[in-house]
Amino acid sequence: MTHLTGTVVRLKLSLLRGGLRQSRGRRDAFIVSSVLALLFALAQLPGMILLSGRPDGEVVSVTAAAVLALGWAFLPLFFPTGDETLDPTRLVMLPLRPVPLVRALLVSSLVGVGPLVTLLLLVGCVLVPARGAAGWTTAVVAVVLALLVCVALARAVAAANVRLLTSRKGRDLAVLSGLVIAVGTQLANFGARRLGSGGLGQLRPVADVLSWIPPASAVAAVRTASEGSYGIALAQLALSAVALVALVVTWARSMTRLMTAPDGSTLQAADAGRAERRGTGGLARLLPAGRTGAVMERSLRYIWRDPKTKAAWVTSLAIGLIIPVFYALQHTGSVYFACFAAGMLGLQMYNQFGQDTSAFWMVALTISSPRDAYEELRGRALALLLITVPHTVLVTVVTVALSDAWPMLPRVLGLALALLGAMLAAGAWASARFPYSIPQEGLKNVVPGQAGLAWIGVFGGMLTATVLCAPFIALTVWLAHGTAGVGRTWLLLPVGAVYGAGIALLGLRLAAPRAAARLPEILAAVSKG
């Protein structure tokens, strides 16, 4: 076992060295990120020491330990290529038993910048509540247990999802990390506002629950032992120890299954494909006949199948809902923030041809006149409306309900629908005038050399949408604040829907001739990726 553990540790070090030798840019990025992470971990130690003795200091330490464990659980799903040893299937052909291999991989997982940063953060967490000999002794045990639980949790999650992580779709899960960051930023902003107004005491109920959930229970045991409640402290440590054993057993079972069971992903994919064909057949029957329905079905397939397109849609749907709802919950901001959802979803109309990448040539073969281009753009816009209109209505109603501003619902929803129509019109024009290619692999959304086109298209289109929506904004202000509009603001809802539909239709008709005339340039621009 010792020989195997040493071999796996050396393998981990060799993989790290080999990865850094691939390019200077990768090596510099690794060094800079490692130094910054270590500086952050070291800088938090004095801050945690200052929290020592404060009434709510242990609340921070317990919550921080839980957040660390959460990060270890989910980061491997979004960055599976960060550690090549996360894939145990590479060792299937070697004469290794799963249980000794689990021990070796657990030890090798403690090698690296991530475990070192986690160790320093956990040390800071136990510095806050530790008091007396019993407290410091418990702190040493707690740090070791919490670190092992974090590492074992990451390995168990990765082993359970290794088939997904090593597939093409699994690697494309990294694209969704933008959504996690965006949502997490809004949650952190909301939490910071609440804590700034009410103090750390608001986290006390959460910390009380987390103190019995591993590995935060190990950190909570330090405070319990320092207060002399040794039985409770032992129970909290035992919870983390049991969790560690359970994770290792789960990890070992996943390893055994991966190293002995055949891979049935092909059969599963075939079954999923048959089910998807049955599902899309039902959807196709609900869509219009002819080219419009075919384009709508193709666009909806892209949204569901293409990882980058799906990530963009999920991000827009989530952020478009989160920001207005958070502002409504905090009672800071206007109810018109509900229009943010229409703006986010309207951006999906931009660069319509670039989303097809090199496959656009198949679409280009079917466009021989402005009429063909109009039907193509109209089908894509209608596919977007199937999703954007219900979502816009939902966000507006929820925001108005949380703000208790029901009399403003017609004007806010009317403005949101007018803005959505303006965004569709501007997006169609920008798609024909400033197309750019989207790389199929990696995290970039624009190929090198076309960033200027992307910025011009997006910001120019947004400015155009604002100008197009200006008349309806003026009408809204006049009816809402003018004496002649008293009691007539309900008209803004039907007027906004008609205005948005008219502007969108006008934009499609104006963009279609330009798209048909510039078809070779569009094809060349979107095929560069």
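L413 CG to T396 OG1: the interatomic distance, rounded to the nearest 0.5 Å, is 5.0 Å.
Of the possible polar contacts, one joining the Q44 side chain to the A41 backbone as a donor-acceptor pair under 3.5 Å is found. Side chain of S334 to backbone of Y336: a donor-acceptor contact under 3.5 angstrom is found. Between the side chain of S316 and the main chain of W313, no donor-acceptor pair closer than 3.5 Å is present. No donor-acceptor distance shorter than 3.5 angstrom exists from the side chain of H391 to the backbone of A341, with no hydrogens or angles considered. Formation of a donor-acceptor pair under 3.5 Å by the R380 side chain with backbone atoms of S299 is not found in this model. Under a 3.5 Å cut-off, the side chain of R291 and the backbone N or O of T366 do form a donor-acceptor pair.
Closest of all the heavy-atom pairs between L419 and A342 is CD2-CB, 4.4 Å. Heavy atoms only, all atoms of each residue included: G507 and A425 are closest at CA-CB, 3.7 Å. When all heavy atoms of P288 and M296 are compared, the pair lying nearest together is CD-SD, 3.8 Å.
No side-chain N or O of T464 forms a donor-acceptor pair with one of W429 less than 3.5 Å apart.
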Original post:
Does the side chain to side chain contact (heavy atoms under 4.5 Å, CB included) test come out yes or no for M349 and T388, once each step is laid out?
Top reply: CA-CA 11 Å; M349 187 64 189; T388 55; over 6 Å; no

**OP:** Determine, stepwise, if the pair V35 / L39 fulfils side chain to side chain contact (heavy atoms under 4.5 Å, CB included).
**Re:** CA-CA 6 Å; V35 170; L39 288 177; 3.9 Å; yes

**OP:** Applying side chain to side chain contact (heavy atoms under 4.5 Å, CB included), run through E375 and V295 and close with a yes or a no.
**Re:** CA-CA 8 Å; E375 291 181 351; V295 173; over 6 Å; no

Original post:
L415 and C469: side chain to side chain contact (heavy atoms under 4.5 Å, CB included), yes or no, with the steps?
Top reply: CA-CA 8 Å; L415 180 59; C469 208; 4.2 Å; yes

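Side-chain contact check for M423 versus L384: every heavy-atom pair is 4.5 Å or farther apart. Within the 4.5 Å cutoff, no side-chain heavy atoms of I367 are placed close to those of L523.
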